[in-house]
Amino acid sequence: MGHWSLDDINWKVFDPSRATSALVSLAKSACMVEHNGRDYARYLCEVFEDDAEFQQVAHQWAEEEVQHGQALRKWAELADPAFNFNASFKAFTDGYKLPVNVGGSVRGSRSGELIARCVVESGTSTYYTAISEYTDEPVLKSICQHIAADEFRHYKLFYTHLKRYLAKEKLGAFRRFTVALGRITESEDDELAYAFYTAHRDGGKQEPYDRKQYAKRYLAEATRVYRKDHIERLVAMVMKAVGLKPNGRLNRLLGSLAWNVMRWRGGVAQAA
């Protein structure tokens with residue numbers, strides 16, 4: 001399970017005065033998404049049904065994702081002893097279903113699937129880096145540093161297999177770009193919004209789920225932790241995955257554009 005465990009975290013230095021409500025909300029949401037890693041591995045093993053090497057990678061990746069969820073869960077329970085993870089996670093997995101038994105990648109090819117994975121790992125490594133640099137709560141900082149390092153390693157791992165499959169499938173640059181763009185827009189789908197919704201259960205009593213409303217609530221909290229250099233790094237990683245130079249004028253242009261869009265959308269969500 002990677003090169004660290006929950007025992008490597010110094011839980012004794014937890015400082016409740018620095019566990020802000022916003023960070024607790026983000027940790028609750030993230031722990032459920034991460035804890036669901038084994039379902040993602042099941043899907044990936046179906047897509048790569050005849051690739052034993054990659055299936056082994058997928059299972060190892062999933063166990064590390066689950067470990068991330070366990071660490072974030074423990075921190076959230078320290079920060080909010082009333083947090084009922086089991087009930088929230090059941091509600092999450094009951095209401096949000098990952099595609100399985102699909103007979104192939106929803107991206108149209110195995111190369112496309114690996115590009116999508118690189119996009120996700122770009123986002124998560126950036127996200128946890130941003131949180132680790134934003135928070136001054138020592139335990140959360142340590143957890144997010146560990147997770148960010150894992151997610152960056154996962155990116156490199158998926159990228160290695162992407163190169164292997166591109167040699168076979170010859171996926172063109174335009175198609176690679178559209179797959180990446182499609183996966184980026186899926187960050188607006190139900191997963192994060194529904195995780196945020198189910199993470200804030202109040203004794204099982206809760207208003208009906210409204211995807212747009214909870215997507216805005218999640219966005220309002222998540223966008224606070226980023227700086228411009230975080231977004232520029234994310235853009236560079238995505239550009240590399242789609243076959244573009246990860247530095248230079250285009251990277252700076254797209255990085256600035258992405259940063260401005262995020263600030264604007266975050267500001268709108270926070271105002272709402």
Side-chain angles (χ1 to χ4, degrees), residues 22-23 26 30 33 107-109 111-136 141 144-167 169-189 191-193 215-216 218-272:
L23 289 171
L26 295 179
V33 175
R107 313 295 167 187
S109 68
S111 295
E113 187 62 49
L114 290 165
I115 289 169
R117 292 312 321 163
C118 286
V119 170
V120 172
E121 303 302 329
S122 301
T124 52
S125 66
T126 302
Y127 179 58
Y128 289 111
T129 296
I131 294 178
S132 73
E133 295 176 357
Y134 175 84
T135 184
D136 57 0
K141 181 181 287 291
C144 288
Q145 287 171 342
H146 282 300
I147 296 177
D150 279 351
E151 304 290 20
F152 184 66
R153 177 167 49 82
H154 294 164
Y155 169 88
K156 293 192 290 184
L157 188 64
F158 287 124
Y159 183 74
T160 297
H161 286 275
L162 169 61
K163 291 191 292 183
R164 179 162 66 91
Y165 272 95
L166 284 174
E169 296 178 341
K170 309 295 183 184
L171 202 66
F174 179 75
R175 178 58 185 157
R176 291 167 69 177
F177 178 80
T178 57
V179 168
L181 185 62
R183 186 59 187 87
I184 291 169
T185 60
E186 285 175 19
S187 62
E188 300 293 316
D189 71 6
E191 183 177 32
L192 291 172
K216 285 181 179 179
Y218 172 79
L219 189 65
E221 303 294 1
T223 53
R224 298 179 194 274
V225 306
Y226 289 101
R227 299 192 309 261
K228 185 178 181 182
D229 60 298
H230 297 142
I231 303 306
E232 290 174 338
R233 175 177 176 268
L234 186 157
V235 169
M237 293 173 71
V238 172
M239 289 177 66
K240 181 178 179 179
V242 301
L244 297 173
K245 291 179 62 176
N247 49 46
R249 181 178 299 178
L250 181 60
N251 170 256
R252 292 192 295 271
L253 176 64
L254 293 177
S256 293
L257 176 62
W259 169 243
N260 287 328
V261 169
M262 172 172 281
R263 281 201 306 171
W264 173 72
R265 297 189 66 237
V268 170
Q270 290 160 18

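Bear in mind the structure is a predicted one, so any value in this text is a computation, not a measurement. Every heavy atom of this structure was used, including side-chain atoms; hydrogens, water molecules and symmetry mates were not.
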Check your understanding: Step by step, would you call Asp136 with Lys141 a side-chain contact (heavy atoms from CB on, under 4.5 Å)?
Key -> CA-CA 7 Å; Asp136 57 0; Lys141 181 181 287 291; 5.5 Å; no
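- Here the closest heavy-atom approach between residue Tyr226 and residue Ala130 is recorded as CD2-CB, 3.9 Å.
- In this model, a donor atom of one side chain and an acceptor atom of the other lie less than 3.5 Å apart for Arg164 and His161.
- With hydrogens and angles disregarded, a donor-acceptor distance shorter than 3.5 Å links the side chain of Ser125 to the backbone of Ser122.
- Thr178 and Arg175 make their closest contact through OG1-O, 2.8 Å (heavy atoms, listed as atom of the first residue, atom of the second, distance).
- For the residue pair Glu169 and Ser111, a side-chain donor N or O sits within less than 3.5 Å of a side-chain acceptor on the partner.
- Side-chain contact between Leu26 and Val225 is present, with heavy atoms from C-beta onward closer than 4.5 Å.
- The distance from atom CE of Met262 to atom NZ of Lys228, rounded to the nearest 0.5 Å, is 13.5 Å.
- For the pair His230 and Arg227, the tightest heavy-atom approach, listed with the atom from each and the gap, is ND1-N, 2.9 Å.
- Here the side chain of Arg176 pairs a donor or acceptor atom with the backbone of Ala241 at under 3.5 angstrom.
- Between Arg117 and Glu121 there is a salt bridge, since at least one side-chain N of the basic residue sits less than 4.0 Å from a carboxylate O of the acidic one.
- Nearest heavy atoms, Gly255 versus Ile231: O-CG2, 4.1 Å.
- Classification of the Tyr159-Tyr155 ring pair by plane angle, with boundaries at 30° and 60°, yields parallel.
- Between Arg233 and Thr129, the shortest heavy-atom distance links the atoms NH1-OG1, 4.2 Å.
- When all heavy atoms of Val238 and Ala180 are compared, the pair lying nearest together is CG1-CB, 4.2 Å.
- Between Ile115 and Arg183 the shortest side-chain heavy-atom distance does not fall below 4.5 Å.
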Check your understanding: Given Met237 and Phe152, is the side-chain contact (heavy atoms from CB on, under 4.5 Å) satisfied, shown in steps?
Key -> CA-CA 10 Å; Met237 293 173 71; Phe152 184 66; 3.7 Å; yes
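- Considering CG of Leu114 and CG of Leu162, their distance stands at 5.5 Å, rounded to 0.5 Å.
- The structure places CD of Glu151 at 10.5 Å from SG of Cys144, a figure rounded to the nearest 0.5 Å.
- In terms of modelled atom types and a separation under 3.5 Å, the side chain of Thr135 and the main chain of Ser132 share no donor-acceptor contact.
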Exercise for review: Go through the steps for Tyr134 and Leu23 under the test side-chain contact (heavy atoms from CB on, under 4.5 Å), then give the verdict.
Suggested key: CA-CA 10 Å; Tyr134 175 84; Leu23 289 171; 4.1 Å; yes
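- Once rounded to the nearest 0.5 Å, the distance linking CG of Leu244 with CZ of Phe177 reads 7.5 Å.
- Looking at heavy atoms from C-beta onward, Asn251 lies out of side-chain contact with Lys245 at the 4.5 angstrom threshold.
- Considering only heavy atoms from C-beta on, Val261 stays 4.5 Å or farther from Arg263 through its side chain.
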Point to revise | Full working for side-chain contact (heavy atoms from CB on, under 4.5 Å) between Asp150 and His154 | key: CA-CA 6 Å; Asp150 279 351; His154 294 164; 4.2 Å; yes
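- Side-chain N or O atoms of Gln270 include one that pairs as donor or acceptor with a backbone N or O of Ala220 at under 3.5 Å.
- For the atom pair CG of Leu254 and CD of Glu232, the computed distance is 11.0 Å after rounding to the nearest 0.5 Å.
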